[in-house]
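As the structure is a prediction and not an experimental result, all values here were calculated from the model. Scope of the values below: all heavy atoms of this structure, side chains included, with no hydrogens, waters or symmetry mates.
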Amino acid sequence: MKKCHIPYTKKAFTHPDLYIVPGLCAALCLSLAPARTALAQENTAPNRGVTINVYNWGEYIANGTDDSLDVNEEFTRRTGIQVNYTTFDSNETLYSKLAGGGADYDVIIPSDYMVSKLIDENMLAELDFSNIPNFQYIDERFRDPEYDPGSRYSVPYTWGVVGLFYNTDYIEEEITSWTALWDDRYAGKILMFDNPRDSFAIAQFLLGQSLNTTEESDWAEAAALLKQQKPLVQAYVMDRIFDKMESSEAWIAPYYSGDAAILVDNSDSIRFVVPEEGTNYFVDAMCIPITSSHKAEAEEYINFLCDPEIAGANMNYVGYSTPESAAKAYMDEEMVESSLYYPDDETLARTQVFVNLPEDTSKLVDRLWAEAKMGGPGESAVLIAIILGFLGVYIAILVSKKQKRRRELA
């Protein structure tokens with residue numbers, strides 16, 4: 001049987017003893033085929049002569065491979081609206097495209113804090129929910145989020161949390177705390193996020209801070225903790241976590257829960273846990289840029305993705321959690337019942353959501369993050385001194401050669 005595709009994506013929970021149930025991938029693939037057949041029974045709509053531009057994370061929508069539903073193709077078949085689909089690799093890339101003014105996107109899917117930033121900068125269109133009746137299926141707890149009060153500009157697409165992966169071949173004790181990332185017994189085998197918000201969040205949970213604090217002293221305290229950790233860290237990485245953990249080059253690393261299935265399913269030795277101090281709870285949401293040329297059609301696309309049957313088939317492939325309970329009726333039962341994807345209320349109560357930080361705070365965080373990765377301003381100064389020293393020697397050599405050449409010519 002062809003192996004089900006569960007992609008490496010961006011961006012659920014589990015008890016430390018919980019593993020992906022053997023055969024889950026195969027079950028997912030089998031469950032998708034009849035769903036796709038049933039969906040294809042509807043009539044094909046005539047071409048409406050409209051193309052919408054959709055900008056999403058890579059590998060973040062079912063595309064017809066591995067017996068999945070081709071979501072964009074099905075949307076076109078039902079509505080007659082064509083889809084030009086492109087991808088990005090970070091919220092910052094998305095922001096740069098929009099801020100640059102050269103992009104013409106109709107639907108984008110940023111993360112919560114970026115939604116907040118785009119709202120603050122008046123870059124998103126307010127949604128007309130009369131065109132999105134399927135919003136009724138979005139669970140109540142995903143409405144009126146902190147990053148978009150009143151749900152005026154966004155509709156949630158997926159959600160998840162950050163947790164810890166660790167290899168039980170080398171770490172025998174049960175991991176329950178973020179402090180494991182500061183344990184010198186694992187020195188040189190620890191991976192850390194290569195982005196400031198996720199890395200600082202771990203330190204902030206250990207310090208009992210808000211992830212969205214604007215107090216300079218809070219960020220300085222968190223930075224000091226990250227500087228203490230630096231000598232133990234093998235590398236600051238993102239997607240490279242997969243190769244490093246599966247090869248046992250690294251033993252412990254934080255990462256996104258939607259990717260938990262990949263590592264846990266691929267290895268009997270890797271477990272995933274949500275630390276007791278709490279964690280970041282993230283949402284990726286569908287939005288329409290204020291510059292959209294086809295707002296009504298974009299709302300039609302968002303409404304389509306909120307159809308429980310479509311959402312269920314889509315999430316079966318993507319591997320992240322759905323904000324629609326109604327969609328679970330069309331998903332693999334073992335996936336729906338697993339706390340790897342859907343945690344209990346007690347776990348959710350220990351989470352916080354990122355929102356956009358004020359500009360001065362963002363600049364502070366960027367500076368402190370650079371210092372933390374370098375080991376602090378002291379090490380940065382040493383590096384600068386070394387570079388200047390080499391530069392001085394190089395200039396002296398050039399001057400000496402030039403003077404020697406002049407003497408020879410004389």
Side-chain angles (χ1 to χ4, degrees), residues 5-16 18-20 56-61 87-94 109-115 142 145 147 156-167 175 178 180-181 190-205 211 235-246 250 252-267 270-275 277-285 314-323 335 338-343 347-348 350-354:
H5 174 66
I6 301 181
Y8 287 3
T9 60
K10 167 186 158 257
K11 32 283 228 251
F13 301 84
T14 181
H15 185 279
L18 179 65
Y19 292 88
I20 292 293
N56 194 4
W57 296 87
E59 299 283 6
Y60 215 32
I61 198 167
T87 63
F88 57 87
D89 59 3
S90 73
N91 284 294
E92 287 65 35
T93 297
L94 164 64
I109 306 182
S111 300
D112 36 41
Y113 76 92
M114 185 55 66
V115 174
F142 292 97
Y147 61 85
Y157 179 63
T158 62
W159 64 277
V161 297
V162 173
L164 271 178
F165 295 95
Y166 66 100
N167 191 322
I175 298 297
W178 290 117
L181 293 172
I190 296 170
L191 300 179
M192 197 64 174
F193 279 117
D194 193 18
N195 74 69
R197 287 304 293 270
D198 284 325
S199 289
F200 268 99
I202 294 171
Q204 288 173 313
F205 273 109
L211 302 189
Y236 297 91
V237 297
M238 295 303 291
D239 283 349
R240 288 172 59 208
I241 180 180
F242 301 103
D243 292 338
K244 284 181 172 288
M245 288 294 292
E246 289 180 343
I252 186 168
Y255 214 61
Y256 310 110
S257 61
D259 298 302
I262 301 169
L263 283 170
V264 177
D265 195 43
N266 288 351
S267 173
I270 295 178
R271 295 184 182 178
F272 179 75
V273 62
V274 177
E277 294 90 358
T279 193
N280 169 227
Y281 158 83
F282 61 83
V283 177
D284 291 337
N314 193 23
M315 291 304 103
N316 262 343
Y317 176 86
V318 170
Y320 274 73
S321 305
T322 176
M335 183 178 181
S338 171
S339 60
L340 182 66
Y341 298 95
Y342 300 99
T347 307
L348 285 175
R350 302 198 307 271
T351 63
Q352 294 184 45
V353 179
F354 290 143

Review point. How far does OG of Ser321 sit from OH of Tyr341, to the nearest 0.5 angstrom?
Key: 8.0 Å
Exercise for review: Under the side-chain contact (heavy atoms from CB on, under 4.5 Å) rule, what do Met245 and Ile270 come out as? Steps first, then yes or no, please.
Suggested key: CA-CA 8 Å; Met245 288 294 292; Ile270 295 178; 4.3 Å; yes
Exercise for review: Evaluate the side-chain proximity of Ile202 to Pro254: yes if any heavy-atom separation is below 4.5 Å, no if none is.
Suggested key: yes
Exercise for review: Measure the shortest side-chain to side-chain distance between Thr87 and Trp57 over non-hydrogen atoms and say whether it is less than 4.5 angstrom.
Suggested key: no
Review point. With Asp194, which residues qualify under salt bridge (charged side-chain N to carboxylate O under 4.0 Å, His left out), at least two apart?
Key: Lys373
Point to revise | Derivation and outcome, side-chain hydrogen bond (donor to acceptor under 3.5 Å, both in side chains), residues Asn280 and Gln352 | key: CA-CA 5 Å; Asn280 169 227; Gln352 294 184 45; over 6 Å; no
Review point. Does any N or O in the side chain of Ser267 come within less than 3.5 Å of the main-chain N or O of Val264, such that one atom is a donor and the other an acceptor?
Key: no
Point to revise | Residue pair Met238 / Phe193, side-chain heavy-atom distance below 4.5 Å | key: yes
Check your understanding: Checking Ser257 side chain against Val161 main chain: does a donor-acceptor pair fall under 3.5 Å?
Key -> yes
Point to revise | Leu181 and Ile252, any side-chain heavy atoms less than 4.5 Å apart | key: yes
Study note, to complete from the structure: Lys244 and Ala235 have their tightest heavy-atom pair at CE-CB, 4.4 Å
Point to revise | Residue list, side chain to side chain donor-acceptor pair (under 3.5 Å) with Ser199, at least two apart or on another chain | key: none
Exercise for review: Give a yes or no answer on whether the side chain of Ser90 reaches the backbone of Thr93 with a donor-acceptor pair at less than 3.5 Å.
Suggested key: yes
Check your understanding: Between Pro110 and Val115, which heavy-atom pair has the shortest distance, and what is it?
Key -> CG-CG2, 3.6 Å
Check your understanding: Just how far is it from atom CG of Asn195 to atom CD of Glu92, taken to the nearest 0.5 Å?
Key -> 7.5 Å
Point to revise | Tyr255 and its side-chain contact (heavy atoms from CB on, under 4.5 Å) partner, picked from Leu164, Leu263, Leu191, Asp239 | key: Asp239
Revision key, fill the gap. Rounding to 0.5 Å, atoms CD1 (Ile61) and CD1 (Ile109) come to a distance of 6.5 Å
**Study point:** Pair Asp284, Tyr60: side-chain N/O donor-acceptor within cut-off below 3.5 Å
**Key:** yes
Check your understanding: In Å, rounded to the nearest 0.5 Å, how long is the span from CD1 of Ile175 to CZ of Phe272?
Key -> 13.5 Å
Check your understanding: Of the non-hydrogen atoms in Pro275 and Gly163, which two are nearest, and what is the gap between them?
Key -> CD-CA, 4.3 Å
**Study point:** Residues which pass side chain to side chain donor-acceptor pair (under 3.5 Å) with Tyr157, listed by chain and number, not counting sequence neighbours
**Key:** Asn314
Check your understanding: Can you check whether Asn266 reaches Glu246 side chain to side chain, under 4.5 Å on heavy atoms?
Key -> yes
Review point. Between Tyr317 and Glu59, is any pair of side-chain heavy atoms under 4.5 Å apart?
Key: yes
Study note, to complete from the structure: Closest non-hydrogen atoms of Ala201 and Phe354, given as atom of the first, atom of the second and distance, are CB-CZ, 3.8 Å
Revision key, fill the gap. Nearest heavy-atom approach of Ala253 to Ile241 is CB-CD1, 3.6 Å
Practice item. State, with a plain yes or no, whether a side-chain heavy atom of Trp159 is found less than 4.5 Å away from one of Phe282. Key: no
Practice item. Verify, without hydrogens or angle tests, whether Trp178 (side chain) and Gly278 (backbone) share a donor-acceptor contact under 3.5 angstrom. Key: yes
**Study point:** Arg197 to Tyr113 six-membered ring, cation-pi geometry met (6.0 Å, 45°)
**Key:** yes
